[in-house]
Amino acid sequence: MNAVEIEEAISQLAEQPFEAAEFPYAFLLAFGNKDTTIKRLRAGNSNKSDLGGVLQTSNIHIKTCAEGEATVTLRALRESPATARAKAKFILATDGVEFQAEDLTSGEAIICPYADFPNHFGFFLSLAGITTVRAIRENAFDIKATGRLNRLYIELLKDNPEWGAAARRHEMNQFMARLIFCFFAEDTGIFAQETVFTRTIDTMSARDSSNTHEVIGELFRAMNTRAEDRAAAGILRWADPFPYVNGELFSGTTEAPRFSRIARSYLLTIGGLDWTRVNPDIFGSMIQAVADEEERGALGMHYTSVPNILKVLNPLFLDDLRAALEEAGDNSRKLLNLRGRMARIRVFDPACGSGNFLVIAYKELRAIEAEISRRRGEADRRSEITLTNFRGIELRDFPATIARLALIIAEYQCDVLHRGQREATRDFLPLDSKNWITCGNALRLDWLSICPPTGTGVKLRGEDLFATPLDQAEIDFENEGGEIFICANPPYQGSVNQTPSQKDDMARIFSPVLKTYKDLDYVAAFVLKVAQFNRMTGSKSALVTTNSVTQGEQVAMLWPLVFSQRNVIHFAHTSFLWSNLASNKAAVTCVIVGLSPMEESECHLFDNGVVRSVRNIGPYLVAGDSVIVKKRSAPLSGLSMMQSGNKPTDGGNLILSSNERSAIASTSPASMRFMKRYVGSREIINGGNRWCIWIEDDELNDAKSIPEFRERLERVRRLRETSNGKQANDNAASPHRFVFAPHSRGLSIMVPNVSSEQRQFLPCNIADYATVVSNLASVIYDAPLWNMALIASRLHLVWIGTVCGKMKTDFRYSNTLGWNTFPVPPLIEKQKSDLTACAEAILLAREAHFPATIADLYDPENMPDNLRAAHDHNDEVLERIYIGRRFRNDTERLEHLFSLYTKMTTKPKAVAGGV
DNA sequence: GATCCGACAGCTG
DNA sequence: CAGCTGTCGGATC
């Protein structure tokens, strides 16, 4: 269940007559517990309550009671030993009149009339496994309104299928936006009489709903007609009290879809909600899901929390403005200048969704402006910050419509907050008619025409920004001091999952300037376009992106282009986990990169809550020079060749568990010679046995005499045949072979391709010739052991952690990016034999703890002393080879590696003589 | 022929 | 069910 569904279930529960015995079960059911869970609680075997209530382990202890006893009951629940024993997170007591609950983790409590408890449902959301951002939890209204509007939307489409078709989609969206505006306006004093919109529909439209659409249409028509034109337009008398609104919101057709009786009653219910409580930044991001079938299930998936938005906006420009405010103090002149500067600031979000970033930016600017006006003694002064300075582009029609509405609502709320209700209402209508949110594809639109660098309407056309670089002086002149700040959380999409249309967008942006761009994430197109725009207009920008564009192979594709546009990273946030409303959170790790086309003397690097002021930030988002490491197909430093492991592409059919292996072996003893040990990342790290079918070409007939193998090979053949992958197709005729099989004899060194960032050393191990290493690990075949000493070193881990890709924030090992690029001074034989001894010592230290796995041994909390000592010695020996002593810290390690890498890749001959 | 990646995905305590 | 940590196979070079 998502938050909206839970809210609906809870509201329904509160409307029904209170039944003391049933309430606890109904409550748990509303929070998404399964029927079987409830059944077991009823039967008593999973009910741990010692008070005759209902206690669900690790969740909640509920007890209903006689009237007037809620307080004592809650105390009893709090003090009950069973509550603690079952680790309950919440306690809840109610008599049907009063409702009391407490969050035992945070100590927060709720005491309210029974009928009001649905308004606090966010308090209990963690019962449903939904851990939300606090802002959302506290805005029950936005979730409630979204749920109701969602119902209405679906109901209307049922009766008016043509409104759902592409041709009328925009009208439908606009219709919904108008309704929302009217609900807001009638509750907040924008319409002179409270609830006039809902009441008029209720009284003027027939109960059978047959003319509801006509009534609404007439009201909309009134709001699109100026007072002086109304007589001529023949506006009906009952619609006349409604003011002229327009602002394009009510222009165009004022037709409304037909309403069923159900739809009409939904409409009236929604009108009855208290719309003063709407929070435009949250509401917008939730409501955008209503019109999108794919998103409806994952409500709030793209909600960007306010703290995350401020991570972008504060360092981009708000911190600077606040510092200027601080500096101005009470100096009237300086305050005036600052206000003038702020009035010219333009904020542009080329992927604005429902306008989250713009709304927050607007609110924050208004707060600063209000403080200026307060200090100047002009508290109720009209704001100089205009909505026209907040521009956005959004691909989907409904969010684009909502974004405009959200800004309008934000403007009104800011006026009420900073200037007072009377001033707000007086100046609000009619709405400005300019359109500042463009519905379209940001990667195809000309940003210069949507957010031109001058306020006077001169349009620069830049079809190909590279082909026609504009003269910087000219732009400075046109810009007249108004700053532009770009902020966005554009869509991410890895190359494999891009739609044909997205691939086409990528081609338009990158093909003129880069040969191999197809492995870039979709968001990279926004990064480059932003950098181009910065260079042309002098704007500064900050984007939330997937951390992939600052890692691994993408760095060498994207960042040279960004730097060639003379942009620098003037601030950055290193990887942080995304958080949103969905119960299974979007599994994505983000970074924030701030780009500036100016020379910045001071850059700010935000790393896990700590800010550092640094001279420069490189594309891997580490302090220091902007070194870019390129993939190599062979080692830079005379190391042994490392390869990918063997790739099955078998749908699991060539892979066997221990059980499967012994089952086959017992029926066909001859099968044993065709089965080899099979290891990938998981087996290297966590142990465990897997096996694979390994058949040489000349043994195929023998192997096929075993029925189980015959069937498995047939399944592999079918799978490869029907695959979309060319390589799989090509190998369909030889299902007994892995599609890629470099397996060879001899001692191998294996490195898992993915492993946890928790470990202080990269896991690696050796294998004998009988082992098949999977494509989830990299291998050095027939390996001199000193190679392993390098892999196991702290230096290598620091290198891999910086220049390779990541899985979330976990290490992802790559031969081309990490091993082949690893800079090592030339090694003499003595050094190699020292390192070999180090590697042997590490293996021996591990052996002393047989059968502990790598995961056990390298658990950072419980690493055995002898193993730690062996690694310490290994690092000592290796680091002496680099600089004659231990490095002081990882920063020094990385700086040295980067500088050695730069030397070795630019002047390889100079290094050969010794470092 | 060989990889690097996933607005991820599957396991486990 | 939430934290943890690495599968699998394809598009791309």
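Naming convention: chains lettered A, B, ... in sequence-line order (proteins, then strands); numbering from 1 in each chain.
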Pairs involving residues 510-522 of chain A, ordered by first then second residue, that meet salt bridge (charged side-chain N to carboxylate O under 4.0 Å, His left out) (sequence neighbours left out): none

Backbone of Phe822(A) reached by a side-chain donor or acceptor of Ser637(A) within 3.5 Å: yes

dG6(C) OP1/OP2 closer than 4.0 Å to side-chain N/O of Ser681(A): no

Sugar-phosphate, base or nothing in reach of Asn729(A), heavy atoms under 4.0 Å: nothing

Touch class at under 4.0 angstrom, heavy-atom based, for Asn815(A) against every strand present: sugar-phosphate

Contact nearer the 5' end of DNA chain B, comparing Phe740(A) with Gln551(A): Phe740(A)

Lys503(A) side-chain N/O to dA11(C) phosphate OP1/OP2 under 4.0 Å: no

Name every donor-acceptor pair, under 3.5 Å, that has one atom in a side chain of residues 853-860 of chain A and the other anywhere in the protein, sequence neighbours excluded.
{"unit_1": "Thr853(A)", "atom_1": "OG1", "unit_2": "Ala855(A)", "atom_2": "N", "d": "3.4"}
{"unit_1": "Thr853(A)", "atom_1": "OG1", "unit_2": "Asp856(A)", "atom_2": "N", "d": "3.1"}
{"unit_1": "Thr853(A)", "atom_1": "OG1", "unit_2": "Asp856(A)", "atom_2": "OD1", "d": "3.4"}
{"unit_1": "Thr853(A)", "atom_1": "OG1", "unit_2": "Asp856(A)", "atom_2": "OD2", "d": "3.1"}
{"unit_1": "Asp856(A)", "atom_1": "OD2", "unit_2": "Thr853(A)", "atom_2": "N", "d": "3.0"}
{"unit_1": "Tyr858(A)", "atom_1": "OH", "unit_2": "Arg846(A)", "atom_2": "NE", "d": "3.2"}
{"unit_1": "Tyr858(A)", "atom_1": "OH", "unit_2": "Arg846(A)", "atom_2": "NH2", "d": "3.1"}
{"unit_1": "Tyr858(A)", "atom_1": "OH", "unit_2": "His871(A)", "atom_2": "NE2", "d": "2.5"}
{"unit_1": "Asp859(A)", "atom_1": "OD1", "unit_2": "Glu861(A)", "atom_2": "N", "d": "2.9"}
{"unit_1": "Asp859(A)", "atom_1": "OD2", "unit_2": "Asn862(A)", "atom_2": "ND2", "d": "3.2"}

Below 3.5 Å between N/O atoms, which protein atoms pair up with nucleotides 11-13 of chain B? Just atom names and distances, please.
none

Contact under 4.0 Å: Asn497(A) side-chain N or O vs dA7(B) OP1/OP2: yes

Listed partners of Lys631(A) passing salt bridge (charged side-chain N to carboxylate O under 4.0 Å, His left out), at least two apart: Glu553(A)

Sugar-phosphate only, base, or nothing, as touched by Lys631(A) at under 4.0 Å among non-hydrogen atoms: sugar-phosphate

Those residues that, when tested against Glu714(A), pass salt bridge (charged side-chain N to carboxylate O under 4.0 Å, His left out) (two or more places apart): Arg717(A), Arg718(A)

Along DNA chain B (nearest heavy atom to each residue), the more 5'-positioned of Gln727(A) and Gln554(A): Gln727(A)

Check: Asn753(A) main-chain N/O paired with Ser681(A) side-chain donor or acceptor under 3.5 Å: yes

Val629(A) backbone acceptor or donor facing Tyr620(A) side chain under 3.5 Å: yes

Stem list, DNA chain C (Watson-Crick or G-U pairing under 3.5 Å, at least 3 consecutive pairs): B:1-6 with C:8-13, B:8-13 with C:1-6

